[in-house]
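Per chain, numbering begins at 1; letters A, B, ... match sequence-line order.
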2 protein chains.
Amino acid sequence: MHKNCIDIQIMNQRTTRQLAIKKILTTREIHSQEGLLTILLKEGFDITQATLSRDLKTLKVAKIPDGNAGYRYSVSERIHKDHDKTKEKVNFLIDGFECIKFSGNLAVIKTLPGYASSIASVLDNADPYEIIGTIAGDDTILIIMKENVSQNDLKNRLILIMPKLRDKLKY
Amino acid sequence: MHKNCIDIQIMNQRTTRQLAIKKILTTREIHSQEGLLTILLKEGFDITQATLSRDLKTLKVAKIPDGNAGYRYSVSERIHKDHDKTKEKVNFLIDGFECIKFSGNLAVIKTLPGYASSIASVLDNADPYEIIGTIAGDDTILIIMKENVSQNDLKNRLILIMPKLRDKLKY
DNA sequence: ATCTTAAATGTATATTTTTGCATAAAAATT
DNA sequence: AATTTTTATGCAAAAATATACATTTAAGAT
């Protein structure tokens with residue numbers, strides 16, 4: 001552990017940073033990794049462009065030719081309209097989240113009755129690397145994880161998809 | 001005009017080529033401009049990477065981190081237009097559709113648990129002429145139909161909104 | 001056809017992005 | 001706490017991509 005890192009953190013640095021990146025990307029127009037890096041540095045994330053490149057890869061951020069001239073980086077979710085509505089909906093759904101348990105490469109999420117399929121649908125839609133597939137009943141979601149993906153990997157990914165979840169997942 | 005250019009062309013070279021690029025991108029997995037360039041050269045398009053870069057910009061082709069490792073180029077229509085993803089989502093939701101019954105100007109759709117509000121939201125969003133409003137519980141949707149709209153009118157409208165539904169509705 | 005003008009392209013180069021590798025940090029284990 | 005294992009990161013170098021500028025090609029105009 002780094003000496004001057006007072007570990008009150010809930011999430012690891014990486015996840016925190018990637019959430020910040022997502023936010024920046026949905027908030028402002030980003031035309032290069034350099035530009036994004038500058039912003040991140042100002043916000044106190046002390047990283048290099050290399051790390052940023054890896055983060056963008058993890059987040060599946062696309063580089064798209066801009067209408068005018070130049071390019072812009074875009075989180076795939078942002079491409080859908082009604083981003084806000086989706087967000088609202090997702091936040092709402094999180095209320096139904098009860099707990100998550102693991103067994104080998106399987107994870108089981110317990111939800112309030114009726115929530116399972118909706119939450120699962122959010123997961124399916126996000127189509128994250130770590131998840132091969134989900135099966136949802138009424139109050140239970142079975143997640144089949146990709147091999148060599150750790151429990152924390154999955155938790156972090158879930159937080160990336162549903163930020164509010166952070167408050168419900170203990171580390 | 002260059003001397004050895006036999007002018008049978010209908011479109012100009014540039015357009016022809018860009019169409020070819022689009023086709024290639026939708027047909028095969030492209031991971032770099034170099035790779036795409038190789039294919040184009042084989043097909044007889046005698047250009048350089050610089051031109052290709054410009055073409056991709058014109059076509060608004062996005063570079064997206066691939067699920068596994070690496071990147072792929074994707075024609076922006078696929079990403080930009082939430083059409084496709086919305087469609088996917090709608091198709092997914094249809095799995096939750098169980099049956100529909102009528103009574104007067106009311107229709108009741110039964111769904112798998114948890115699906116009702118999502119499907120109802122699709123209907124609300126489409127805002128069809130035939131429907132005044134919907135109320136959704138967990139596995140039931142109540143549809144209030146406009147007067148003088150027949151059961152078949154509504155069924156047809158539902159199919160228009162959610163094409164996959166056709167397979168589930170008997171006539 | 002010849003000339004003029006605008007668009008497209010190649011060359012070389014600059015810029016940006018990605019990655020292998022060594023190291024540091026974090027997490028798990030004892 | 002000390003050790004091992006795993007994961008994240010910086011650095012430097014490679015790879016990929018974009019572009020300024022000169023040149024060629026196409027398209028009109030006369």
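Defining each end axis of the helix from dA1(C)-dT30(D) to dT30(C)-dA1(D) as the rotation carrying four pairs' C1' atoms onto the next four, with five pairs an end, the two axes are found to diverge by 40° to 10 degrees.
Atom P of nucleotide dA26(C) and atom CG of N156(A) are separated by 14 Å, given to the nearest angstrom. In this structure, CD of Q18(B) is placed 15 Å from P of dA7(C), rounded to the nearest angstrom. The separation between F45(B) atom CZ and dG10(C) atom C1' is 18 Å, rounded to whole Å. As a whole-Å value, the separation of I21(B) CD1 from dA8(C) C1' is 13 Å. Here dA18(D) presents its P atom at 13 Å from CD1 of I64(A), a figure rounded to the nearest Å. One atom, CZ of R72(A), and another, P of dT17(C), lie 15 Å apart when rounded to the nearest Å. Note: CZ (R17(B)) to P (dA7(C)) measures 16 Å, nearest angstrom. Taking atom CG of residue L52(B) and atom P of nucleotide dT17(D), one finds them 9 Å apart after rounding to whole Å.
Using a distance-only test at 3.5 Å, with no hydrogens or angles considered, a donor-acceptor pair links the side chain of T58(A) to the main chain of R54(A).
Remark: N152(A) is not in phosphate contact with dT6(D), judged by side-chain N or O atoms under 4.0 Å from OP1 or OP2.
For S150(B), the side chain to side chain donor-acceptor pair (under 3.5 Å) criterion is met by D153(B), not counting sequence neighbours. For R157(B), the side chain to side chain contact (heavy atoms under 4.5 Å, CB included) partners two or more places apart in sequence, or in a different chain, are P128(B), E130(B), L160(B), I161(B). For L41(A), the side chain to side chain contact (heavy atoms under 4.5 Å, CB included) partners are L37(A), D46(A), not counting sequence neighbours. A120(B) is linked by a side chain to side chain contact (heavy atoms under 4.5 Å, CB included) to T134(B), A136(B), I141(B), counting only residues two or more places apart in sequence or in another chain. Under the rule for a side chain to side chain donor-acceptor pair (under 3.5 Å), T48(A) has no partner lying at least two apart in sequence or in another chain. For E34(B), there are no side chain to side chain donor-acceptor pair (under 3.5 Å) partners at least two apart in sequence or on another chain. Under the side chain to side chain donor-acceptor pair (under 3.5 Å) criterion, D139(B) pairs with no residue, sequence neighbours left out.
For the atom pair M145(B) CE and Q151(B) CD, the distance stands at 6.5 Å (nearest 0.5 Å).
Along DNA chain D, the nucleotide nearest to S32(B) and the one nearest to I47(A) differ in position, and the one closer to the 5' end is contacted by I47(A).
D153(A) comes within contact range of no nucleotide atom at all, as no heavy-atom separation falls under 4.0 Å. Among the atoms of the strands shown, none is found under 4.0 Å from any heavy atom of D55(A).
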Pairs under 3.5 angstrom, nitrogen or oxygen only, protein versus nucleotides 18-22 of chain C, please.
| residue | atom | partner | partner atom | Å |
| --- | --- | --- | --- | --- |
| dT18(C) | OP1 | Y71(B) | OH | 3.3 |
| dT18(C) | OP2 | Q33(A) | NE2 | 2.7 |
| dT18(C) | OP2 | S53(A) | OG | 2.7 |
| dT18(C) | O5' | Y71(B) | OH | 3.4 |
| dT18(C) | O4 | Q49(A) | OE1 | 3.4 |
| dT19(C) | OP2 | K57(A) | NZ | 3.1 |
| dG20(C) | O6 | R54(A) | NH2 | 2.5 |

